[in-house]
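Sequence lines set the chain letters: A, B, ... in the order given, protein chains first and strands last, and positions in each chain run from 1.
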Number of protein chains: 2
Amino acid sequence: MKMKVKIKNKKEVSPERLSKRIKISPKNRNGLERLLKCQAKRGLKYSKKRAAIIEYFIKADRHYTVEQLYNEIKEIVPNIGYSTIYRTLRLLVDCGMARTHHFGETDTRFELVHKEQHHDHLVCEKCGRIIEFTNNGIEKFQNAVAKEHNFLVKNRELQIFGVCKRCQQRKR
Amino acid sequence: MKMKVKIKNKKEVSPERLSKRIKISPKNRNGLERLLKCQAKRGLKYSKKRAAIIEYFIKADRHYTVEQLYNEIKEIVPNIGYSTIYRTLRLLVDCGMARTHHFGETDTRFELVHKEQHHDHLVCEKCGRIIEFTNNGIEKFQNAVAKEHNFLVKNRELQIFGVCKRCQQRKR
DNA sequence: ATTAATAATGAAAATGAAAGTCAAGATCAA
DNA sequence: TTGATCTTGACTTTCATTTTCATTATTAAT
């Protein structure tokens, strides 16, 4: 008779092995570690397609919609399904390797998490370009407001909408 | 034979008449004016249900999802349809009497526009409360960032997520 | 290398919010 | 009161996202 083995005692997948398979630049190493831990904890297996998506997403380092990423990935990995993109991005978000935004659009945008500091976004309403910026001034401001309201800050999201330099130049 | 009358030459609906029907506090008078102009421009007619929704929305002055507003309105106006809520809120947004937000949720939230100054939001992740605040400091900051990037600012949206005073007090 | 267990995949169906359609009812100027 | 036209609720449609499921791939243990 067989014992039912519960999902609890999963063995950790060797990080060395997987990091050999997913080619990642050093600066994303810690992100990858998190991913591997996350995979191990859930008993996920390695998969070529997932690895390809993750590699691509990390290298491109842009603010992708699922559709955009799908269109670019399918050139590299034929037969890739829409759901796999969705699933992989969700995995990255759950592992803390990605983050979502809604820049006034209907589609969700996914952004790689690899910077130490918090950053915010300038969103061009003409061309859709997204420019990241950091500014320490806002921290002070934010803390002042929070204090005033006895509010415990966990996170913030600031978008500045407008017209980027390039779109201003090429008038109309 | 009949001439096709184009939507162009609509007569303006008398504001006095309509403002008698939609009961509004003085501070929302200018919002209402805008709505009436908007109605007139589009040749919209008066309707009890729309008026009821608008009155309710203005009086409550909260950040409603369509679902919330629907649930509350249907107690007052039986038989009200979901679509009517959607349509009315869209009308308010088009007229500039309301504004939408996405506070990290899937549902859109609608907020009454009646304050002169731009304001931002503290969003409590425990109870969902939304606290408005204004702070002039951020303007300077915003303008500095924009200048740095030669970015023409049209609008901004800042949310600070965390735990509100009340939720901090009633621990766990 | 083979196998047995189980995760990953793509296609298709399901879901959920938001928008559109339409026949019946309401409003308005004349 | 009337005729033109707007509004409504119920229904359908759309679109992004999630789930389902039968098939394929990966893994650890043989």
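In this structure, A:Arg50 atom CZ and D:dT27 atom P are separated by 10 Å, rounded to whole Å. One interatomic measurement links the two molecules: CG of B:Leu44 to C1' of D:dT8, which rounds to 14 Å at whole-angstrom precision. Here the P atom of nucleotide D:dT8 and the CD1 atom of B:Ile54 are 9 Å apart, to the nearest Å. Between A:Ile85 atom CD1 and C:dA11 atom P there is a gap of 12 Å when expressed in whole angstrom units. Counting to the nearest Å, the P atom of D:dA16 and the CZ atom of A:Arg109 are 13 Å from each other. Between B:Arg90 atom CZ and C:dA18 atom C1' the separation is 8 Å, expressed in whole Å. Separating the CG atom of A:Leu91 from the C1' atom of C:dT9 is a distance of 14 Å, rounded to the nearest angstrom. Look at NZ on B:Lys48: it is 8 Å from C1' on C:dA26, rounded to the nearest Å.
Closest approach to the B:Tyr46 side chain among C:dT27, C:dA8, C:dA17 is made by C:dT27 (side chain taken as heavy atoms from C-beta onward).
Comparing A:Lys49 and B:Thr106 along DNA chain C, the residue whose closest nucleotide (by nearest heavy atom) sits nearer the 5' end is A:Lys49.
In this structure, B:Thr108 does not reach the C:dA17 phosphate: none of its side-chain N or O atoms is under 4.0 Å from OP1 or OP2. At the phosphate of D:dT18, neither OP1 nor OP2 sits under 4.0 Å from any side-chain N or O atom of A:Tyr86. Taking only side-chain nitrogens and oxygens, B:Ser83 never comes nearer than 4.0 Å to OP1 or OP2 of C:dA19.
Ring geometry for A:Phe141 against B:Phe133 counts as tilted: the plane angle lies between 30° and 60°, on a 0 to 90° scale. Between A:Phe103 and A:His101, the ring planes are parallel. Angles under 30° get that label, and only those over 60° would be called perpendicular.
We find the CD1-OH distance between A:Ile73 and A:Tyr64 to be 7.5 Å, quoted to the nearest 0.5 Å. Rounding to the nearest 0.5 Å gives a distance of 7.0 Å between CD1 of B:Ile80 and OG1 of B:Thr88.
Looking only at atom types and distance, the side chain of B:His118 has no donor-acceptor partner in the side chain of B:Gln142 under 3.5 Å away.
One can find a donor-acceptor pair under 3.5 Å joining the base of D:dT5 and the side-chain atoms of B:Lys45.
Counting any heavy atom pair closer than 4.0 Å across all strands shown, B:Arg87 reaches a base atom. Within 4.0 Å (heavy atoms only), B:Ser47 reaches sugar-phosphate atoms of the nucleic acid but no base atom.
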